[in-house]
**Student:** 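Have a look at this one before I ask anything.
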There are 2 protein chains.
Amino acid sequence: MSCSEHKKKLIEEVGLHFEQTHQISPLAARIYAIMILSPYEGHTFEEILDITCASKSSVSTQLNLLIQLKKVEYFTKPGDRKRYFRASKRYLINTLQENLESINAEIKFMDKISEFNAKYNKNKFEKYGEFSKLFKGYLINQKENMKDTIEKMSNLTEELTDK
Amino acid sequence: MSCSEHKKKLIEEVGLHFEQTHQISPLAARIYAIMILSPYEGHTFEEILDITCASKSSVSTQLNLLIQLKKVEYFTKPGDRKRYFRASKRYLINTLQENLESINAEIKFMDKISEFNAKYNKNKFEKYGEFSKLFKGYLINQKENMKDTIEKMSNLTEELTDK
DNA sequence: TTTATAGTTCGGTTAATTCCGAACCAATTG
DNA sequence: CAATTGGTTCGGAATTAACCGAACTATAAA
C-alpha cells in the first residue's frame with residue numbers, strides 16, 4: 001500500500017514539526033511521521049523506502065537512530081524475516097519526558113545565572129531577581145504538573161498492555 | 001574589562017544551553033550568554049569582539065540577528081557614538097512566549113494526528129485516543145498556566161519601568 | 001551450494017551553516 | 001579636508017550535516 005496523496009502531504013507536515021521539535025534530520029522526521037500516522041501498525045523497511053523515496057542506506061541509518069532514541073521500536077512475525085517498525089508505544093510519554101528533562105535543564109540554567117548574578121551583579125540583582133524567581137517558580141510548577149500527567153499515562157499504558 | 005576565567009567558562013556553558021534551546025549559532029549563543037550574565041549593563045561592540053575573539057563581521061551579523069529576534073536590544077548614551085547592547089529586558093517573558101507558541105504548535109499537531117486517526121485508523125483509535133486526549137489536556141493546561149505567569153511578569157515589568 | 005531477502009557499512013558528493021577578511025560607508029574629530 | 005571610530009556588507013573558505021550508491025553481511029530458501 002503505497003500511500004495516498006493526502007497522507008503524503010500530512011507526512012511532510014508532521015515531519016516538519018518533528019524536525020523542529022525533536023531535533024532530527026528531515027528524513028528521520030519523515031520516517032517518524034509515517035509511523036505516528038498509523039500507530040500500532042508496523043511498517044516494513046521496504047514500505048518506508050517506498051513512501052520516502054530515500055536510499056536504503058539513509059533509511060537504515062535514520063531508522064537505527066530513531067530506535068536508539070527510543071522513538072521507534074520493531075517487532076517480528078513468526079516465519080517472517082522482516083522487521084516491522086512502529087512508533088514506540090510510549091511515544092507521547094517519551095515526548096513528555098523529554099520536555100521534563102528540558103525543564104530540568106532550564107532550572108539548572110536559572111540556578112547558574114542567579115548564583116552568578118547574586119555574586120557579581122548584586123546591586124542590579126533585586127529587580128532581575130524577582131523575574132527569575134517568578135520564572136523558576138513557574139518551571140518547577142510545570143515540572144510537577146507534568147509528572148502527574150506522566151503518571152496517569154503510565155497507568156493507562158499498563159492497563160492497556162495488560163489486556 | 002576583558003573577562004574573568006570563571007565568567008568565560010560560564011559563557012561557554014550558558015552559550016551551549018542557548019544554542020540548543022533557542023536554535024541559534026554558537027557565536028550568537030555566546031553573545032547572548034554574555035549579555036544574560038550582566039543584565040541591565042550594556043556591552044559595546046568592541047567588548048563583545050574582545051570577549052568572543054570573533055571577527056567584526058561575524059559579531060555584526062549575529063548581533064543583528066539577535067536584535068531581529070528581539071533577544072537583544074541596544075541603547076545609546078548622549079555624546080557617545082557607540083551602541084550599548086544588552087539582553088532584551090523582557091527576555092524571560094519572551095522565552096515563555098516562545099514556549100507558548102511551541103505549545104500551540106503541539107496542540108495543532110495533536111489535532112491533525114487525532115483527526116487523521118479518527119478517520120483512517122478508527123479501529124485502533126480507542127486506545128490511542130485516550131492518550132492523545134490526556135496529552136492534549138495537559139498541553140492546554142500548561143498553556144493557561146503559562147499565560148498566567150506571563151501576565152504576572154508583564155505587570156512586574158511595567159511596575160519596574162515606571163519607576 | 002547457489003540465490004534471494006533484509007538490511008548494514010563505508011566512502012564520497014552535495015548542500016547548508018558558520019565564520020572570516022577585506023573593502024566599504026557614515027558620522028565625528030582634528 | 002584627512003583621519004579615526006563604529007560598525008556593515010560581500011565573497012569566499014572551512015566545517016558540518018544529509019544523503020546517496022556500491023559493496024558487503026547474515027540468514028534463509030531453493
Side-chain angles (χ1 to χ4, degrees), chain A residues 1 11-12 14-35 41-69 71-86, chain B residues 1-2 11-12 15-35 41-69 71-86:
Chain A
M1 61 103 167
I11 288 169
E12 284 311 304
V14 173
L16 210 62
H17 175 83
F18 283 147
E19 202 184 322
Q20 289 159 359
T21 57
H22 292 254
Q23 312 229 70
I24 51 182
S25 74
L27 181 55
R30 271 193 292 272
I31 294 174
Y32 194 35
I34 289 169
M35 294 176 182
E41 217 67 76
H43 287 88
T44 66
F45 193 89
E46 254 206 309
E47 269 172 8
I48 299 168
L49 277 185
D50 192 44
I51 298 173
T52 60
C53 300
S55 71
K56 276 174 90 177
S57 60
S58 301
V59 169
S60 174
T61 309
Q62 299 306 315
L63 205 43
N64 283 321
L65 178 75
L66 288 169
I67 289 168
Q68 225 186 279
L69 296 173
K71 292 188 195 302
V72 164
E73 61 189 16
Y74 62 83
F75 60 93
T76 47
K77 293 178 182 178
D80 187 345
R81 201 134 70 81
K82 286 175 202 155
R83 291 179 213 163
Y84 290 81
F85 302 93
R86 68 179 165 204
Chain B
M1 56 105 167
S2 174
I11 288 169
E12 283 311 305
L16 210 61
H17 175 83
F18 283 148
E19 202 184 322
Q20 288 159 1
T21 56
H22 292 254
Q23 313 229 69
I24 51 183
S25 76
L27 181 57
R30 272 193 293 273
I31 295 174
Y32 194 35
I34 290 169
M35 296 178 179
E41 217 66 78
H43 288 87
T44 65
F45 193 89
E46 254 204 313
E47 270 172 5
I48 299 170
L49 276 186
D50 192 43
I51 299 173
T52 59
C53 300
S55 71
K56 276 174 90 178
S57 60
S58 300
V59 169
S60 173
T61 309
Q62 298 306 314
L63 205 44
N64 283 321
L65 178 75
L66 288 169
I67 290 167
Q68 227 187 277
L69 296 173
K71 293 188 194 301
V72 164
E73 61 189 17
Y74 63 85
F75 59 94
T76 48
K77 293 177 181 179
D80 187 345
R81 199 137 66 84
K82 287 176 203 156
R83 291 178 212 164
Y84 291 82
F85 302 93
R86 68 177 165 204

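Chain naming here is simple, since letters A, B, ... match the order of the sequence lines and numbering starts at 1 in each. The shown structure was predicted, so the numbers you read here are calculated from the model rather than taken from an experiment.
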**Student:** Rounded to whole angstroms, how far apart are OH on A/Tyr74 and C1' on C/dT8?
**Tutor:**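 In whole Å, C/dT8 C1' and A/Tyr74 OH are 13 Å from each other.
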**Student:** Output the distance between atom OG1 (B/Thr44) and atom OH (B/Tyr84), rounded to the nearest 0.5 Å.
**Tutor:**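 Nearest 0.5 Å value for the OG1-OH distance: 6.5 Å.
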**Student:** Side-chain N or O of A/Arg83 versus OP1/OP2 of C/dG7: is the shortest distance under 4.0 Å?
**Tutor:** yes
**Student:** From NZ of B/Lys77 over to C1' of D/dG6, roughly how many Å is that when rounded to an integer?
**Tutor:**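 Value for this atom pair: 15 Å.
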**Student:** Does some side-chain heavy atom of A/Ile31 sit less than 4.5 Å from a side-chain heavy atom of A/Met35?
**Tutor:**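 In short, these two side chains touch, coming nearer than 4.5 Å.
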**Student:** Please give, in whole Å, the distance from C/dA6 P to A/Asn64 CG?
**Tutor:** 16 Å
**Student:** Using side-chain heavy atoms (C-beta onward) and a distance below 4.5 Å, is A/Thr61 in contact with A/Leu27?
**Tutor:** no
**Student:** Could you pull out all residues at least two apart from A/Glu73 that satisfy salt bridge (charged side-chain N to carboxylate O under 4.0 Å, His left out)?
**Tutor:** A/Arg86
**Student:** Rounded to the Å, how far apart are A/Phe45 CZ and D/dT27 C1'?
**Tutor:** 16 Å
**Student:** Any chance you could list the contact pattern along nucleotides 17-30 of chain C? Use B for base contacts, S for sugar-phosphate-only contacts and - for none, protein heavy atoms under 4.0 Å, 5' to 3'.
**Tutor:** -SSBB----BBS--
**Student:** Could you state the atom-to-atom distance from CZ of A/Phe18 to P of D/dA18 in whole Å?
**Tutor:** 17 Å
**Student:** Counting only heavy atoms not in B/Phe45, do more than 12 sit closer than 6.0 Å to its CZ atom?
**Tutor:**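 Yes, enclosed.
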**Student:** B/Asp80 has an atom CG; how far is it from atom C1' of D/dG7, in whole Å?
**Tutor:** 13 Å
**Student:** Give the rounded distance in Å between these two atoms: CD of B/Glu46 and P of D/dG6.
**Tutor:**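 Taking atom P of D/dG6 as the reference, CD of B/Glu46 is at 6 Å.
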**Student:** Is there a side-chain contact between A/Tyr32 and A/Gln62 (heavy atoms, below 4.5 Å)?
**Tutor:**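 Not touching, per the 4.5 Å side-chain cut-off.
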**Student:** Rounded off to whole Å, could you give me the CG-to-P distance for the B/Leu49 and D/dT5 pair?
**Tutor:** 14 Å
